[in-house]
Amino acid sequence: MRRPYDKFVVLILIGGCMLALSSWNITQQDKGQGVLLEIYERLMRAERRGEALTYKLLQLLEHLQNLNTSINSSEKWLEKRPVLHILSSQPNAFLYLPHLKEHVDSLKPNIYLSQGRSEVSLVLGIPTVRRQKESYLVNTVNSLLYDLTPEQKSEILIIIFVAETDSAFVSSVAEKIKQNFPDDVSSGLIEVISPSPYYYPNFTNLKETFGDSKDRVKWRTKQNLDYSFLMLYAQHKGVYYIQLEDDIVAKSGYTENIKAHVQEVIGQQWLYLEFSQLGFIGKLFRTSDLPTIVEFFLMFHKDKPIDWLLDHILWVKVCNPEKDSKHCSKEKDNMKRTFKPSLFQHVGLHSSLPGKIQKLKDKDFGKQVLFKAHANPAAVLSTTLKHYQSHSLERAYRGEDFFWALTPVRGDNIFITFTKPQSVKRYLFRSGNIETNGDKFYNTTVEVLPSDASVRQQVEEGLLQCCKPSTDGFAVIGSFVNGVAEGVMDTALRELSAIRLLIHSDSDVWVLLSEIFIKV
Ligand SMILES: *[C@@H]1O[C@H](CO)[C@@H](O)[C@H](O)[C@H]1NC(C)=O
Ligand SMILES: *[C@@H]1O[C@H](CO)[C@@H](O)[C@H](O)[C@H]1NC(C)=O
């Protein structure tokens, strides 16, 4: 059983107390400060009682778990997962967001997709909102999942937080995620949640500060609340939490890279690790630190943008007002560790704030490899697909680039005709790459033409176990599964004159081949 709601249950209890206290308050408002103070103190007492109760429950739970020690999942990333932090340090959300008192479940998430996965090493939080222009969300998730092994997938959880209260819209996002990542949704690797409709306050009366327009103040205030909500939900789920955005590209091997750096600083003092230079992207926290951080964000959610607030937390923690700014910077650098090169790059041009063009790119991301070169036998290539810019089939075949072509329709094909017959041992066609992982071949077969007429005859008559005959003399030897077609060539086929890829249905997306390997 999963227990994602424990914290909310406690909040509901506390909320109940507060509701009672605040209605009692209404007629006595004019008595002013004294009454408020008394209410505050009562609230604190009630909250402490709630916490004590929570502790008792947790101890009981731990006791039960100890009795049942047989289940011990794989080694997590070294730091011991604190069990008791989960409910003991609930931020005082009701103090900073008094409107939450009006609805008991205003902090409860709406869960659209989840298998209740928890106890992972790394939780990846992706907040997303409705955009007027393109949405990059599916590409972002594609990039995060590209080249992860099943083992690496089992160590992470991706939480997509749709920061909208229109349930039809959130459902459509969840549906799209399910369509694009059916296996990763059913394994519980990807979750989609949204906030309660009662979570957001009335944003109309915000004070304009720091030269920010009304719209911008609203946007940055909502962002503070969105990140806080997501972090509160994520804190139960794993040991570390990394903040991402919905318009990024990940660097190949990013999970291993993060793991290595986390192990490097184990046992040292730090508040966060920085895996991107941009705003709040790629900031990694211990989940046990999240309650404090969220409390700080909520306390000042109307005052400043979230990246400033994060910097202020460092300031509060380590800067000495009697020393100079150089000392402060040094101390802060010690609490946030920056790792280069960056592991996440921003791709969105249109920010989630309408009209704001987001051109920031991370200088430290560098270039990444988008194709893999192989030595292939000499051949004449032809295709019905139209390639984009210089990403031609010839260059891909020679190992100089990837092949990238406009949306295929049924019947499109790629022909590789060998200049002399070849005895092929293995073949591999990999579609998509880490930046464009969605551009795969779907419903596409790999077919070969044996050069020997007697072998062609055997194929035609269905005498070979390896393959089925096509309608035009080719032998169908395989097809693309999850964007990859690979296999060992049956020796019964002997030498081949040609290999072709044949597309059987119209596609919704472009196609990209990042790897072509014909081993002879
Ligand atoms: C928000 O506050 C403004 C001004 O106080 C009010 O006019 C508006 O109706 C409120 N909106 C909601 C949704 O309560
Ligand atoms: C593949 O294409 C064939 C022929 O157009 C079609 O009958 C079949 O349903 C398609 N399969 C999938 C999985 O789309």
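Quick caveat, the model's predicted, so the values are computed rather than measured. Whatever order the structure lists them in is the order used to number ligands and atoms, beginning at 1.
No donor-acceptor contact under 3.5 angstrom links the side chains of Asp105 and Ser196, judged on distance only.
Of all the atoms in ligand 1, the ones that sit under 4.0 Å from a non-hydrogen atom of Asn205 are 4 (C), 5 (O). The ligand atoms of ligand 2 that sit less than 4.0 angstrom from a heavy atom of Ser505 are 1 (C), 2 (O), 10 (C), 14 (O). With ligand atoms numbered from 1 in the order given, ligand 2 contributes 1 (C), 2 (O), 4 (C), 5 (O) to contacts under 4.0 Å with heavy atoms of His504.
No side-chain heavy atom of Tyr241 sits under 4.5 Å from any side-chain heavy atom of Gln235. Using a 4.5 Å cut-off on side-chain heavy atoms (C-beta onward), Tyr96 and Lys302 make no contact.
Distance check for atom 5 (O) of ligand 1: a protein heavy atom is found below 4.0 Å. Less than 4.0 angstrom separates atom 14 (O) of ligand 2 from at least one non-hydrogen atom of the protein. Protein heavy atoms are found inside the 4.0 Å sphere centred on atom 11 (N) of ligand 2.
Atom 8 (C) of ligand 2 has as its closest protein heavy atom Asn443 ND2, 3.7 Å. Remark: minimum distance from atom 1 (C) of ligand 1 to any protein heavy atom is reached at Asn202 ND2, 1.4 Å. When hydrogens are left out, the protein atom nearest atom 3 (C) of ligand 1 is Thr204 OG1, 3.3 Å; that is the closest non-hydrogen contact.
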Stepwise side-chain contact (heavy atoms from CB on, under 4.5 Å) check, Phe371 with Leu513: CA-CA 8 Å; Phe371 61 93; Leu513 272 179; over 6 Å; no
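At least one test fails for Arg426 against the ring of Phe517: distance under 6.0 Å to the centre or angle within 45° of the axis.
Checking Val120, Leu148, Asp183 one by one against Lys153, the side-chain contact (heavy atoms from CB on, under 4.5 Å) holds for a single residue, Leu148.
If you take CD1 on Ile248 and OG1 on Thr140, they are separated by 5.5 Å, rounding to the nearest 0.5 Å.
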